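Comments concern the structure below.
Remember, predicted model here, so these are calculated numbers, not experimental data.
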Amino acid sequence: MISWCFRLSPLILMGALLVPVVYAADQSAQDWLIAKLETGKQSSFSGHSVLLSGGQLVSLKVYHAPIEGEVWERVVHMSGEPAEIIRKGSSVYCLHPQQSTGMAVNSPIRRWNALEKGMQSVSRYYRFERSGMERVAGREAMRLNLEPMDSHRYGYSLWVDAESGVLLRTQTLPPSGDPLEVFEFVNIELDQTLSAGDFEPGAGLNRNLAEGDMPVQGSQTPAQHWTPQWLPEGFVESQRVARFQGQGEVTTRAYTDGLASFTVFHEPRQQPINENSSMRGATVAVHRNLPGAMITVVGEIPLDTAERIAASVKPLADAH
């Protein structure tokens with residue numbers, strides 16, 4: 001029940017980088033990207049885009065603007081089952097026609113917010129390279145490649161609009177072979193005036209309660225009774241995933257290296273499950289048994305890495 005929200009989360013564009021693309025000849029790709037991130041928070045636009053992931057093509061409508069002193073985003077499924085993600089500052093909601101028992105995750109713009117705050121850390125795990133100009137959505141765009149320095153994360157290619165600085169296209173790349181996931185604008189209206197009303201959910205969609213809106217049962221706060229004993233170097237715990245009504249005692253821990261991310265779910269269960277692993281596009285899901293519980297790792301990391309993380313989860317009482 002958590003998968004639909006993770007499938008939708010990559011649909012929010014991975015940042016809005018809005019300044020003229022002008023750089024000194026000796027300016028590094030990393031410094032160039034930092035400059036765009038600094039001003040991207042003030043971009044305002046809407047557009048139609050497509051996401052190709054796991055052999056499935058999804059069409060989307062994307063909104064982005066600074067509203068009430070925060071960055072707001074809204075991504076609307078234009079094909080298939082109605083679904084949306086709405087982000088207002090640090091609050092992220094998955095919306096669905098019926099009450100969901102899934103969990104909301106940070107949108108991919110989380111990557112760029114994190115990059116802005118922790119580029120120095122990210123640069124230890126990725127190499128940044130400019131790769132020339134290409135045409136996307138009828139506009140000239142600079143391509144940047146981010147190559148991972150180990151096997152625990154994917155690579156990325158980004159196409160940034162040469163005039164406005166908006167991110168027009170992204171690819172998530174395995175060590176070899178075709179891209180795992182491609183996000184691309186088909187058309188985009190820049191410098192658009194958007195209001196709070198543009199970020200209201202569509203008819204018939206339910207906004208689930210975030211963790212801060214829900215009472216915590218018992219004396220034990222979420223995700224303090226278990227932890228992964230192994231994490232890839234560079235991944236640190238980020239804000240927790242929102243909890244929804246109907247999830248009972250499910251608790252979570254979310255991790256990021258500033259670009260890639262994954263979430264670990266802990267669900268108490270009396271009966272063991274059939275352990276399994278799956279991959280769709282860039283997103284993996286690994287289900288493992290723990291005494292009295294099920295562990296699920298979901299995120300945009302290689303399958304071997306997710307399986308190792310899941311196998312390392314232990315109750316804190318047993319940690320050493």
Side-chain angles (χ1 to χ4, degrees), residues 9-53 57-67 71-76 78 85 87 107-117 119 122 126-147 154-173 179 181-194 198-199 258-259 282:
S9 66
L11 310 186
I12 295 182
L13 65 160
M14 295 162 55
L17 316 177
L18 187 64
V19 292
V21 178
V22 179
Y23 53 87
D26 60 351
Q27 185 183 28
S28 72
Q30 179 181 334
D31 290 340
W32 184 83
L33 184 55
I34 290 173
K36 304 301 171 283
L37 291 168
E38 181 62 29
T39 58
K41 292 182 293 187
Q42 301 307 312
S43 59
S44 181
F45 62 85
S46 68
H48 290 88
S49 60
V50 293
L51 178 83
L52 177 62
S53 180
L57 184 67
V58 181
S59 59
L60 315 162
K61 181 68 180 289
V62 179
Y63 302 83
H64 177 280
I67 304 287
V71 176
W72 288 17
E73 297 103 26
R74 179 184 174 209
V75 170
V76 182
M78 303 299 290
I85 282 183
R87 174 178 179 257
S107 67
I109 201 169
R110 71 196 183 279
R111 295 173 179 162
W112 304 105
N113 292 336
L115 271 174
E116 182 181 353
K117 297 174 183 177
M119 180 67 80
V122 171
Y126 298 87
R127 298 181 185 90
F128 292 73
E129 175 191 51
R130 278 193 297 262
S131 185
M133 302 294 292
E134 298 182 15
R135 191 166 172 82
V136 181
R139 304 179 64 88
E140 293 297 317
M142 170 65 72
R143 178 173 178 173
L144 293 94
N145 297 323
L146 280 65
E147 179 185 358
Y154 296 130
Y156 300 91
S157 289
L158 321 174
W159 284 259
V160 182
D161 184 71
E163 180 180 352
S164 70
V166 171
L167 189 67
L168 298 176
R169 187 176 195 239
T170 70
Q171 290 183 347
T172 304
L173 304 168
E181 188 170 276
V182 178
F183 173 89
E184 181 173 340
F185 272 103
V186 177
N187 60 63
I188 186 168
E189 186 173 346
L190 301 167
D191 300 321
Q192 187 177 21
T193 300
L194 299 175
D198 293 304
F199 297 87
L259 189 57

Rounded to the nearest 0.5 Å, what separates atom NZ in K61 from atom NE2 in H48? 4.5 Å
Is L144 close to F128 at the side-chain level, that is, under 4.5 Å between some pair of heavy atoms? no
Give a yes or no answer on whether the side chain of R87 reaches the backbone of R74 with a donor-acceptor pair at less than 3.5 Å. no
Do H64 and S46 touch side chain to side chain, with heavy atoms closer than 4.5 Å? no
Looking at OG of S59 and CE of M78, how far apart are the two atoms once the value is rounded to the nearest 0.5 Å? 6.5 Å
If you round to the nearest 0.5 Å, how far is CG of D198 from OG of S44? 8.5 Å
Set of residues satisfying ring-ring contact (aromatic ring centres under 6.0 Å, His included) with respect to Y154, sequence neighbours excluded: none
Check whether any side-chain heavy atom of E129 sits under 4.5 Å from a side-chain heavy atom of E147, and report yes or no. no
Holding to salt bridge (Lys or Arg N to Asp or Glu O under 4.0 Å), I want the full list of residues that pass it with E134, two or more places apart in sequence or in another chain. R143
For the residue pair L51 and E181, establish whether any side-chain heavy-atom pair is separated by less than 4.5 Å. yes
For L173, give me all partners under side chain to side chain contact (heavy atoms under 4.5 Å, CB included), at least two apart in sequence or on another chain. S157, Q171, P179
How long is the span from the OG1 atom in T193 to the CD atom in E189, to the nearest 0.5 Å? 9.0 Å
In this structure, CZ of F45 is separated from CG of L194 (nearest 0.5 Å) by 9.0 Å
Side chains of V76 and L60: closer than 4.5 Å at any heavy-atom pair? no
Is any side-chain heavy atom of T170 closer than 4.5 Å to a side-chain heavy atom of W159? no
Contact check, side chains of L168 and V160, non-hydrogen atoms, under 4.5 Å: no
Hey, what do you get for CD1 (I67) to CH2 (W72), rounding to the nearest 0.5 Å? 6.0 Å
Of all the heavy-atom pairs spanning F185 and F183, show the shortest one and how long it is. CE1-CE2, 4.1 Å
